[in-house]
Amino acid sequence: MEQQREAGTLGMWVFLITEIMFFGGLFMAYTLYRSMNAEGFAAASHQLDVKLGAINTVVLIASSFTMAMAVYGSQTGKRQLLLVCLILTMIFGAAFLGIKAVEYNTKFEHHLFPGAGFKWESPEHDPRLAQPARMFFWIYFAMTSLHALHMIIGLGVMAVIFYYAWRGRYSPEYHAPVEVSGLYWHFVDIVWIFLFPLLYLIGSHLH
Amino acid sequence: MSQHIVSAKIYSLIFAGLLVMTWVTYEVAQFDLGRLSVIVALTIATIKAVLVVLYFMHVRYSSRLTWVVVVSGFFWLAIMIGLTMSDYLTRPEGWMSFPR
């Protein structure tokens, strides 16, 4: 049993490493284009809502904590704790996506989605920074939407785990599914831990 | 080797630490530290990520094999970004222009 559990954990980590490379390509693009025009990236980042970004960071860290406590509940055979923590994790995850949707909506209204409707024309916007700003928003939408997709998949996984936990399938002897899906959830949290300062905070000093 | 159970107390401490560091990185970003601000932001983010990996993801209590796999993942990411940037950043002036 011990060896089986170990193999499951290792398998999940191998998958997560492919995920590191998946997001890594976008982090690479971010690093390169920001090094080309840091000023434009800072000006574009200043258009993001830092407060909502910070709230979402706290929400996601809280969801990671409740996920860790869910694993603890399954390891110690505390069914009540496991169920409550899984529900809390899903609520925090859904709250994150809700706030994200509000942010996306505002960006579309402000013509900051880097499509045909992109506008960088108001008096406070330096027209020479229009191209780097457009690139910033392209990377912003690519990275945050890929991250949001992972959150949606994570919510689906949690719903399945909750169903089986509710049916009483997990015990201190057998709880690998809870632990392994926890690894996935924490990984998605780690991606956001890097996205928050890199996307939201680089323009904060521009007042 | 039986499974190590991380206590609820340790989880709570890590949670508190992550919240404090989120607050710190938010406050520090209000000041213009020039090039240093990137370094500070990434250092704090890396510490947070390491805490999550070691405690929430139990890597601290996992086997050597898991350690090697986890470290190699981040190592290869560093190679990709490091080698690519060492190319772009050392190109002569005028080589790099923003796509129009």
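By convention in this document, chain letters (A, B, ...) are assigned in the order of the sequence lines, proteins followed by strands, and residues within each chain are numbered from 1. Keep in mind that this is a model prediction, so the values were computed, not measured.
- Within 6.0 Å of CD in B:Glu27 there are more than 12 heavy atoms belonging to other residues, nucleotides or ligands.
- Nearest heavy-atom pair across A:Leu10 and B:Thr66 is CD1-CA, 3.9 Å.
- Between A:Phe65 and B:Phe15, the ring planes lie parallel to each other; the angle is under 30°, not in the 30° to 60° tilted range.
- For A:Ile202, no part lies under 4.5 angstrom from a heavy atom of chain B.
- One distance of note links CG of B:Asp32 with OG of A:Ser204; it measures 11.0 Å at 0.5 Å rounding.
- With values rounded to the nearest 0.5 angstrom, B:Met57 atom CE is found 10.5 Å from A:Thr9 atom OG1.
- Using a 4.5 Å cut-off between heavy atoms, A:Ile193 touches chain B through backbone and side chain atoms alike.
- Checking B:Val69, B:Val68, B:Leu65 one by one against A:Trp13, the side-chain contact (heavy atoms from CB on, under 4.5 Å) holds for a single residue, B:Val69.
- Of the candidates B:Tyr11, B:Phe56, B:Tyr55, A:His186 forms a ring-ring contact (aromatic ring centres under 6.0 Å, His included) with just one, namely B:Phe56.
- Residue A:Tyr200: no heavy atom, backbone or side chain, is found under 4.5 Å from chain B.
- When all heavy atoms are compared, the tightest approach of B:Ser7 to A:Tyr72 is CA-CE1, 4.2 Å.
- When side chains are defined from C-beta on, B:Lys48 counts as touching A:Ile61, because their heavy atoms get closer than 4.5 Å.
- Residues A:Ser35 and B:Met85 approach most closely at OG-CE, 3.5 Å, considering heavy atoms.
- The parts of A:Ala62 that come within reach of chain B are both its backbone and its side chain, each placing non-hydrogen atoms under 4.5 angstrom from that chain.
- Ranked by heavy-atom pairs under 4.5 Å with chain B, the list A:Ala54, A:Ser64, A:Pro172 is led by A:Ser64.
- Expressed to the nearest 0.5 Å, how far CE of B:Met21 lies from OG1 of A:Thr57 amounts to 13.0 Å.
- Atom OG1 of B:Thr22 and atom CZ of A:Phe196 lie 7.5 Å apart (nearest 0.5 Å).
- Interface remark: A:Val191 contributes no atoms to any contact with chain B (heavy atom separation under 4.5 Å).
- A centroid separation of 6.0 Å or more is found between the aromatic rings of A:His205 and B:Phe31.
- Between B:Ala8 and A:Met69, the shortest heavy-atom distance links the atoms CB-CE, 3.6 Å.
- Annotation: the span from A:Ile17 atom CD1 to B:Leu77 atom CG amounts to 10.5 Å, rounded to 0.5 Å.
- For the atom pair CE of A:Met28 and CD1 of B:Ile81, the computed distance is 6.0 Å after rounding to the nearest 0.5 Å.
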